[in-house]
Amino acid sequence: MAASLSTGLDVHFAIPQSDTKRPIFFTRRKFTIYCNSSKSSSKPPQNPPVKRTPSLSEQLQPLSTTTLPKKDQAGLLSKPKSTWVNPTKPKRSVLSLQRQTRSPYAYNPKVRELKLFANKLSDCDNSEEAFLSVLEEIPLEPTRENALLILNSLKPWQKTYLFFNWIKTKNLFPMETIFYNVTMKSLRFGRQFELIEELANEMVSNDIPLDNITYSTIITCAKRCNLFDKAVEWFERMYKTGLMPDEVTYSAVLDVYAKLGKAEEVVSLYERGVASGWKPDPIAFSVLAKMYGEAGDYDGIRYVLQEMKSLGVRPNLVVYNTLLEAMGKAGKPGLARSLFQELLESGLTPNEKTLTSLAKIYGKARWAKDALELWEEMKSKNWPMDFILYNTLLTMCADIGLVEEAEQLFMDMKKSQHCRPDSWSYTAMLKIYGSGGNVGKAMEFFEEMSEVGVELNVMGTTCLIQCLGKAGRIDELVKVFSVSVEHGIKPDDRLCGCLLSVVSRCESRADVDKVLACLHRANPRLVGFVKLIEEEVYCLDTVKEEFKGIISNTKDDARRPFCNCLIDICLSKNLNERAHDLLYLGTLYGLYPGLYNKTADEWSLDVRSLSVGAAQTALEEWMGTLAKTIKHEEALPLLFSAQTGTGTHKFSQGLSNSFASHLKKLAAPFRQSEEKAGCFVAKREDLVPWLQSRLQT
């Protein structure tokens with residue numbers, strides 16, 4: 001009889017990569033080769049010897065040297081680092097969910113009696129003396145099985161730890177790994193990482209083996225305690241022993257690496273785990289989505305969705321919420337909307353966190369229509385509302401300018417027993433009324449805050465001062481500022497910028513002095529600079545040094561608004577040349593990146609981040625530069641354009657309208673583009689004669 005031999009081969013195939021930004025993943029296919037011998041065997045067939053299964057590290061060795069992503073293949077992995085160490089002894093090559101063999105105590109007829117005794121231990125006083133006193137009443141001999149049952153039944157970690165130490169002092173039987181594991185799990189509930197690490201080191205000293213449950217407990221406890229470096233340390237120690245992590249450990253370590261900002265390690269660990277046969281759970285994908293979202297990596301988020309579908313992993317609500325947050329940070333409102341629809345179609349019901357994320361996204365994107373549809377759907381389906389969601393919806397209404405919807409939400413909060421309006425709720429309403437110029441309503445809410453005992457915050461003060469400044473009600477502005485400061489409000493750069501903006505609008509010197517007096521209490525140096533640029537004796541070098549000092553001590557997001565307001569102040573005083581100097585200084589110090597742009601076919605001016613006055617100054621500066629280019633007979637493109645953008649807020653002042661008026665005043669040959677709103681275009685044959693005529697005057 002011919003003898004048949006067969007063996008299984010694991011062959012790894014690299015999947016061709018269509019997107020070079022994504023990490024490479026692998027698939028495994030198993031082939032069986034059969035060999036027949038021409039000789040017959042006289043011996044009876046024998047059981048084949050147990051084949052040694054190569055360890056995970058051994059399997060991954062060819063991956064790490066031949067097929068892992070290189071620098072030009074994956075944007076996240078600049079220098080792939082290996083977290084894996086070759087084991088000292090062979091271990092299982094696939095993830096094992098096997099736990100210890102079920103203990104015989106499960107069939108012990110005295111289980112009920114022992115559990116009652118464990119409850120008595122759990123309920124006794126926390127002192128060691130009281131605990132030992134109750135232990136004297138133990139109903140049965142503390143055999144291995146009985147001791148393990150009691151240990152596993154104790155609830156407070158303190159009692160578990162006391163009983164564990166008591167067992168050790170009795171020296172009735174050898175302490176095995178399972179006793180340490182049960183104790184460590186109890187300590188993990190109490191977030192007692194130091195005690196867990198002491199027990200782990202004790203196991204090493206006493207030659208008691210640490211299994212994958214031991215390591216998993218240590219690592220997850222370190223993660224819960226935010227001891228991420230410790231989690232990584234024990235994970236690396238685990239692999240030095242050749243032990244395989246289970247699915248909980250994989251997900252935990254992925255999260256740890258992500259929290260440490262080690263994106264390379266996250267992706268490397270994920271792909272190696274998948275190559276080993278691990279099927280990631282929704283928690284693992286949630287970690288990946290959160291990491292990509294915080295980095296604003298849209299391709300990464302898209303990749304996570306594709307991976308989940310290819311592996312047949314159905315997202316749960318936690319994953320959907322994480323993906324929505326990620327898309328919000330990546331600035332993808334359209335994808336967020338599609339994902340939300342997918343969530344509903346899957347049969348899941350959104351919770352407060354889901355709706356909060358979506359409301360933030362719609363508010364930030366100024367998607368009024370979608371925001372209203374969401375609000376109507378929430379009401380019709382009676383979806384859950386919590387305090388954070390109410391405030392998020394109010395902020396969304398403020399961002400878009402939905403006054404009636406905001407008022408209804410605010411009234412609902414007032415009627416609620418658990419979601420009463422707080423400082424941020426009132427701030428949203430102040431922003432809505434302030435943006436709409438409804439001074440009466442804004443002041444009404446300001447007075448109401450004092451009556452109901454809600455503290456005003458700096459954002460609320462800023463919104464109210466902006467509203468009063470636009471209305472020219474300077475005396476009330478001064479009162480609001482003084483009351484706010486007296487109540488502990490510390491003016492920030494945004495509030496100072498708001499006061500600067502009011503100064504640029506003031507028509508009388510008396511009003512200017514009143515507002516500057518308020519600003520002096522917040523930023524004396526800024527007031528000094530305003531007076532410096534107004535002085536008759538003017539020195540650009542002095543202005544430059546002082547401007548640099550002020551901008552250096554200002555937060556990044558307030559630097560450009562400061563410069564915009566200072567230019568507006570110069571224009572309000574007819575100090576046009578000094579306005580141009582400030583625009584030059586702002587450009588010099590990087591406050592206006594992308595202001596002027598050139599291609600072979602088109603030269604453009606982008607004033608979308610400028611104030612009305614600063615935009616007019618930039619236009620004049622640009623026209624002056626173009627006039628010099630014509631004078632020097634240099635080559636010019638066929639098309640010129642100026643982009644102002646379009647205000648998406650209901651109460652937007654409209655830079656586009658002001659810019660159009662200024663162009664008309666100059667009789668410049670720029671026309672509103674028919675294809676793109678907020679874009680003004682001029683052809684070379686029209687612009688050149690106009691500029692030449694200005695050179696002659």
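Contact between Pro350 and Phe340 at its shortest, heavy atoms only, is CB-CE1, 3.9 Å. Between Ala258 and Val287, the closest heavy-atom pair is CB-CG1, 4.0 Å. Between Arg559 and Ile551, the closest heavy-atom pair is NE-O, 2.9 Å. Across all their heavy atoms, Val313 and Pro280 have their closest contact at CG2-O, 3.5 Å. In plain terms, the two heavy atoms of Pro384 and Leu389 that are nearest each other are O-CD2, 3.5 Å. Across all non-hydrogen atoms, the minimal contact from Ser656 to Gly678 is OG-CA, 4.0 Å.
Here the side chain of Gln672 pairs a donor or acceptor atom with the backbone of Cys679 at under 3.5 angstrom. Listed for the Asn597 side chain is a donor-acceptor partner under 3.5 Å among the backbone atoms of Gly594. Between the Thr220 side chain and the Thr217 main chain, a donor and an acceptor come within less than 3.5 Å of each other. Using a distance-only test at 3.5 Å, with no hydrogens or angles considered, no donor-acceptor pair links the side chain of Arg366 to the main chain of Ile400. One N or O on the side chain of Thr395 and one on the backbone of Asn391 form a donor-acceptor pair closer than 3.5 Å. The closest donor-acceptor contact from the side chain of Asn212 to the backbone of Pro245 lies at 3.5 Å or more, if one exists at all. Between the Asn564 side chain and the Ser609 main chain, a donor and an acceptor come within less than 3.5 Å of each other. Between the side chain of Ser501 and the main chain of Gly497, no donor-acceptor pair closer than 3.5 Å is present.
Aromatic rings of Phe680 and Phe659 (six-membered ring for Trp) have centroids within the 6.0 Å cut-off, being under it. Under the 6.0 Å cut-off for aromatic ring centres, Tyr426 and Phe410 qualify, their centroids lying closer than that.
Taken to the nearest 0.5 Å, the CG atom of Asp281 stands 3.5 Å off from the OG atom of Ser251. With rounding to the nearest 0.5 angstrom, the OG atom of Ser216 is 13.5 Å from the CH2 atom of Trp234. The OG1 atom of Thr354 sits 10.0 Å away from atom CG of Leu339, with the distance rounded to the nearest 0.5 Å. Atom CH2 of Trp383 and atom OG1 of Thr349 lie 8.0 Å apart (nearest 0.5 Å). Taken from CG in Leu227 to NZ in Lys230, the straight-line distance is 8.5 Å, to the nearest 0.5 Å. Once rounded to the nearest 0.5 Å, the distance linking CG of Leu393 with CG of Leu374 reads 7.0 Å.
Between the side chains of Lys676 and Gln643, at least one donor N or O lies within less than 3.5 Å of an accepting N or O. Checked by atom type, the side-chain pair Glu602/Ser641 shows a donor-acceptor distance below 3.5 Å. When only modelled atom types and interatomic distance are considered, Asp422 and Tyr390 share no side-chain donor-acceptor pair under 3.5 Å. There is no side-chain donor-acceptor pair under 3.5 Å between Ser357 and Asn321. Side-chain contact of Tyr433 with Glu407: a donor-acceptor pair under 3.5 Å is present, judged by distance alone. For Tyr320 and Glu342, the side-chain atoms include at least one donor-acceptor pair closer than 3.5 Å.
For Lys364, the NZ atom is loosely surrounded, since the number of other residues' heavy atoms within 6.0 Å does not exceed 12. Remark: Gln341 CD is packed, more than 12 non-hydrogen atoms of other residues, nucleotides or ligands lying under 6.0 Å away. For Ile388, the CD1 atom is loosely surrounded, since the number of other residues' heavy atoms within 6.0 Å does not exceed 12. Atom CG of Leu372 has more than 12 neighbouring heavy atoms from other residues, nucleotides or ligands inside a 6.0 Å radius. Within a 6.0 Å sphere centred on CE of Met459, heavy atoms belonging to other residues, nucleotides or ligands number 12 at most. Atom OH of Tyr596 sits in a crowded spot, with more than 12 heavy atoms from other residues, nucleotides or ligands closer than 6.0 Å. Heavy atoms from other residues, nucleotides or ligands lying under 6.0 Å from CD of Gln408 number more than 12.
Salt-bridge formation is detected for the pair Asp370/Arg337: a Lys NZ or Arg NE/NH1/NH2 atom is positioned less than 4.0 Å from an Asp or Glu carboxylate oxygen. Ion pairing of Asp255 with Lys223 is present here, as a side-chain N (NZ or NE/NH1/NH2) and a carboxylate O approach within less than 4.0 Å. Under 4.0 Å is where a charged nitrogen must lie from a carboxylate oxygen, and between Asp412 and Lys415 no such pair does. A salt bridge is absent between Glu325 and Lys360; no separation between the charged side-chain nitrogens and carboxylate oxygens falls under 4.0 Å.
No side-chain heavy atom of Ser286 sits less than 4.5 Å from a side-chain heavy atom of Pro282. When side chains are defined from C-beta on, Ile213 counts as touching Lys185, because their heavy atoms get closer than 4.5 Å. Taking the side chain as every heavy atom from C-beta outward, Met378 and Met385 approach each other to under 4.5 Å. Inter-residue side-chain proximity for Glu307 and Phe285 is flagged as met; some heavy-atom pair is nearer than 4.5 Å. Side-chain contact check for Arg224 versus Phe193: every heavy-atom pair is 4.5 Å or farther apart. Looking at heavy atoms from C-beta onward, Leu619 lies out of side-chain contact with Val607 at the 4.5 angstrom threshold. A 4.5 Å side-chain heavy-atom check between Leu317 and Leu343 finds at least one atom pair inside the cut-off. At least one side-chain heavy atom of Lys329 sits less than 4.5 Å from a side-chain heavy atom of Glu294.
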Quiz item: Between Arg272 and Ser276, is a side-chain hydrogen bond (donor to acceptor under 3.5 Å, both in side chains) present by the stated rule, with each step listed?
Solution: CA-CA 6 Å; Arg272 290 168 188 243; Ser276 74; over 6 Å; no
Quiz item: What's the verdict on side chain to side chain contact (heavy atoms under 4.5 Å, CB included) for Leu323 and Ile301, showing C-alpha distance, side-chain angles and the deciding distance?
Solution: CA-CA 7 Å; Leu323 286 168; Ile301 299 168; 4.1 Å; yes
Self-check item: salt bridge (charged side-chain N to carboxylate O under 4.0 Å, His left out) between Lys431 and Asp399, worked out
Solution: CA-CA 8 Å; Lys431 183 176 181 181; Asp399 290 335; 3.0 Å; yes
Practice problem: Please report the C-alpha distance between Phe387 and His418 in whole Å, then the side-chain angles of each, then the deciding distance to 0.1 Å, and finally whether the side chain to side chain contact (heavy atoms under 4.5 Å, CB included) criterion is met. | Solution: CA-CA 8 Å; Phe387 187 74; His418 307 290; over 6 Å; no
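Note that Lys332 lies in the cation-pi zone of Tyr298, set by a 6.0 Å cut-off to the ring centre and a 45° limit from the axis.
With sequence neighbours excluded, the residues satisfying salt bridge (charged side-chain N to carboxylate O under 4.0 Å, His left out) with Asp606 are Arg608. Ser611 pairs by the side chain to side chain donor-acceptor pair (under 3.5 Å) definition with Asp568, not counting sequence neighbours. Annotation: side chain to side chain donor-acceptor pair (under 3.5 Å) contacts of Lys309 (sequence neighbours excluded): none.
The aromatic rings of Trp278 and Tyr250 lie parallel to each other, their planes meeting at an angle below 30°, with 60° marking the opposite boundary.
Exactly one of Thr462, Thr461, Asn457 qualifies for a side chain to side chain donor-acceptor pair (under 3.5 Å) with Thr427. That residue is Asn457.
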